Amino acid sequence: MRVALFLTCVNDTLYPDTGRAVVKLLTRLGVDVDFPMDQTCCGQAHYNTGYRHEAEPLARHFSEVFRDYEAIVTPSGSCGAMVRELYPRLGERARAEGRGDGLARTLAPVVPKTYELTEFLVDVLGVTDVGAYYPHKVTYHPTCHGLRGLGLGDRPRRLLKAVRGLELAELPGAAECCGFGGTFAVKNAAVSAAMGVDKVRDAESTGAEVLCAADNSCLMHIGGTMSRLRSGMRPVHIAEILASTEEEPAV
């Protein structure tokens, strides 16, 4: 199976190890992974801050870059939700504004074959045990886009439970937002920071060493809060846990 890795802006700029982990993991599972060098932003930041028309060229470019692949895999619930949920809305709004069906037709091919990493593993490859080894106590935070937008459900937890050596601790208030929300953290900094503190305190109560999530934007916010609180925990993307083996362990 030939798939494309859509890394996303945040990962490309700040968390390239997550992309490397995805490639390592999928290759181990027999998947042929390509990284299209022409990929750019999916337009989520523009769309979410009210610049819908400015997001359209980015969405068109995304479709042009990725349309010929069997599947598009991303280690980001928020960017995955942008393609799956909001690209169809972009097409619908363009049609409602009298600009025809062109945008909808352009975006349609990529929408159904864009997957967040954990749903690709479970739903497409049909695996939950990916041969990982990670001897740490971990708690899992289901980010908002993954939980409410993509409906990832228990897929990430099923994958984590199958990791040898990993002890999975339940996170109190798991469904509550961590406070990031993209520009929400900038426009409502005090509220965002308070929500982040609540999330970290809940995570600390589990006694886990690691807080895991499927979106580095949320982990960036949580990790910053952990640093300010001098927490003993650390944030780790689920891809890096699933890519870890006894022969090549993650830190």
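On a predicted model such as this, the values are computed, not experimentally measured, just so you know.
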Candidate pair Leu168 and Thr139, rule side-chain contact (heavy atoms from CB on, under 4.5 Å), full reasoning: CA-CA 6 Å; Leu168 185 60; Thr139 191; 5.8 Å; no
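- The side-chain heavy atoms of Tyr134 and Val236, taken from C-beta on, include a pair separated by under 4.5 Å.
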Stepwise side-chain contact (heavy atoms from CB on, under 4.5 Å) check, His221 with Met195: CA-CA 10 Å; His221 176 67; Met195 295 171 72; 5.7 Å; no
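- At a threshold of 4.5 Å between non-hydrogen side-chain atoms, the residues Asp34 and Val3 do not count as touching.
- Closest approach of Gly77 to Asp215, counting heavy atoms only: N-OD2, 3.1 Å.
- Around CZ of Arg93, the count of heavy atoms belonging to other residues, nucleotides or ligands within 6.0 Å does not exceed 12.
- Looking at Pro172 and Ser205, their side chains come closer than 4.5 Å, going by heavy atoms from C-beta outward.
- Side-chain atoms of Glu70 come within 3.5 Å of backbone atoms of Arg2 as a donor-acceptor pair (strictly under, hydrogens ignored).
- Of the residues listed (Asp17, Thr74, Asn216), the one engaging Asn11 in a side chain to side chain donor-acceptor pair (under 3.5 Å) is Asn216, and it is the only one.
- In plain terms, the two heavy atoms of Ser244 and Pro249 that are nearest each other are OG-CA, 3.5 Å.
- When side chains are defined from C-beta on, Tyr15 counts as touching Met220, because their heavy atoms get closer than 4.5 Å.
- With hydrogens and angles ignored, the 3.5 Å screen pairs a side-chain donor or acceptor of Arg155 with a backbone N or O of Gly151.
- In this structure, Glu116 CD and Ser78 OG are separated by 10.0 Å, a value rounded to the nearest 0.5 Å.
- The closest side-chain heavy-atom distance from Leu26 to Leu121 is below 4.5 Å.
- Between Arg201 and Leu229, the shortest heavy-atom contact is NH2-CD2, 3.7 Å.
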Test log, rule side-chain hydrogen bond (donor to acceptor under 3.5 Å, both in side chains), inputs His136 and Glu209: CA-CA 7 Å; His136 301 283; Glu209 307 163 60; 3.0 Å; yes
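- Atom CG of Leu150 is separated from atom NE2 of His145 by 8.5 Å, given to the nearest 0.5 angstrom.
- With Gln39 contributing its side chain and Leu5 its backbone, the two residues share a donor-acceptor pair below 3.5 Å.
- No side-chain heavy atom of Leu166 sits under 4.5 Å from any side-chain heavy atom of Pro135.
- Looking only at distances, a side-chain donor or acceptor of Ser192 sits under 3.5 Å from a matching main-chain atom of Gly179.
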Asp123 vs Tyr115, side-chain hydrogen bond (donor to acceptor under 3.5 Å, both in side chains): CA-CA, chis, key distance, verdict: CA-CA 9 Å; Asp123 296 353; Tyr115 299 91; over 6 Å; no
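- Residues Arg67 and Pro109 share a closest heavy-atom pair of NH2-CG, 3.3 Å.
- At a threshold of 4.5 Å between side-chain heavy atoms, the hydrophobic network of Ile, Leu, Val, Met, Phe, Trp and Tyr places Met37 and Val73 in one connected group.
- Atom NE2 of His46 is separated from atom SG of Cys41 by 5.5 Å, given to the nearest 0.5 angstrom.
- Between Glu97 and Arg52 there is a salt bridge, since a side-chain N of the basic residue sits under 4.0 Å from a carboxylate O of the acidic one.
- With hydrophobic clusters built from ILVMFWY side chains whose heavy atoms lie under 4.5 angstrom apart, Ile238 does not share a cluster with Leu219.
- Residues Val138 and Val122 fall within the same hydrophobic cluster, defined by Ile, Leu, Val, Met, Phe, Trp and Tyr side chains chained together at heavy-atom separations under 4.5 Å.
- A continuous path of Ile, Leu, Val, Met, Phe, Trp and Tyr side chains, each step under 4.5 Å between heavy atoms, connects Val130 with Val210, placing both in one hydrophobic cluster.
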Derivation and outcome, salt bridge (Lys or Arg N to Asp or Glu O under 4.0 Å), residues Glu204 and Lys199: CA-CA 9 Å; Glu204 288 177 330; Lys199 181 61 65 174; over 6 Å; no
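- Proximity of the aromatic rings of Phe180 and Phe184 is defined here by a centroid distance below 6.0 angstrom, and this criterion is not met.
- Residue Val22 is not grouped with residue Tyr133 when hydrophobic side chains (ILVMFWY) are merged at heavy-atom distances under 4.5 angstrom, including chains of intermediate members.
- Look at Glu248 and Arg28 and you find no salt bridge, because none of the NZ, NE, NH1 or NH2 atoms lies under 4.0 Å from a carboxylate O.
- Note that CD of Glu119 is 11.5 Å distant from CG of Leu125, once rounded to the nearest 0.5 Å.
- Although no hydrogens or angles enter the test, the distance criterion places no donor-acceptor pair under 3.5 Å between the side chain of Thr114 and the main chain of Val83.
- Other residues, nucleotides and ligands contribute only 12 or fewer heavy atoms inside 6.0 Å of the OH atom of Tyr51.
- Around CD of Glu176, the count of heavy atoms belonging to other residues, nucleotides or ligands within 6.0 Å does not exceed 12.
- A salt bridge is defined here as a Lys NZ or Arg NE, NH1 or NH2 lying under 4.0 Å from an Asp or Glu carboxylate O, and Glu92 with Arg95 fails to meet this definition.
- Arg148 contributes a side-chain N or O that, together with a main-chain N or O of Ala175, makes up a donor-acceptor pair within less than 3.5 Å.
- Interatomic distance, NZ of Lys24 versus CG of Leu29, reported as 12.0 Å (0.5 Å rounding).
- Nearest heavy-atom pair across Leu211 and Ala203 is CD1-CB, 3.5 Å.
- Ion pairing between Glu56 and Arg99 holds under the 4.0 Å rule for side-chain N and carboxylate O.
- Proximity of a side-chain donor or acceptor of Thr13 to a complementary backbone N or O of Cys9 within less than 3.5 Å is detected.
- Between Gly19 and Leu7, the closest heavy-atom pair is CA-CD1, 3.4 Å.
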Derivation of the side-chain contact (heavy atoms from CB on, under 4.5 Å) call for Cys212 and Ile241: CA-CA 9 Å; Cys212 162; Ile241 293 175; 3.9 Å; yes
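- Listed for the His141 side chain is no donor-acceptor partner under 3.5 Å among the backbone atoms of Ile222.
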Intermediate values then yes/no, side-chain hydrogen bond (donor to acceptor under 3.5 Å, both in side chains), Glu240 and Thr18: CA-CA 6 Å; Glu240 296 173 49; Thr18 296; 2.8 Å; yes
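- The backbone N or O of Cys42 lies less than 3.5 Å from a partner atom in the side chain of Tyr87, making a donor-acceptor pair.
- Considering Phe120, Phe62, Phe35, Tyr69 in turn, Phe62 is the only one that fulfils the ring-ring contact (aromatic ring centres under 6.0 Å, His included) rule with Phe6.
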Check against side-chain contact (heavy atoms from CB on, under 4.5 Å), Asp32 and Met1: CA-CA 6 Å; Asp32 183 9; Met1 188 175 193; over 6 Å; no
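- In this structure, Tyr47 OH and His53 NE2 are separated by 10.5 Å, a value rounded to the nearest 0.5 Å.
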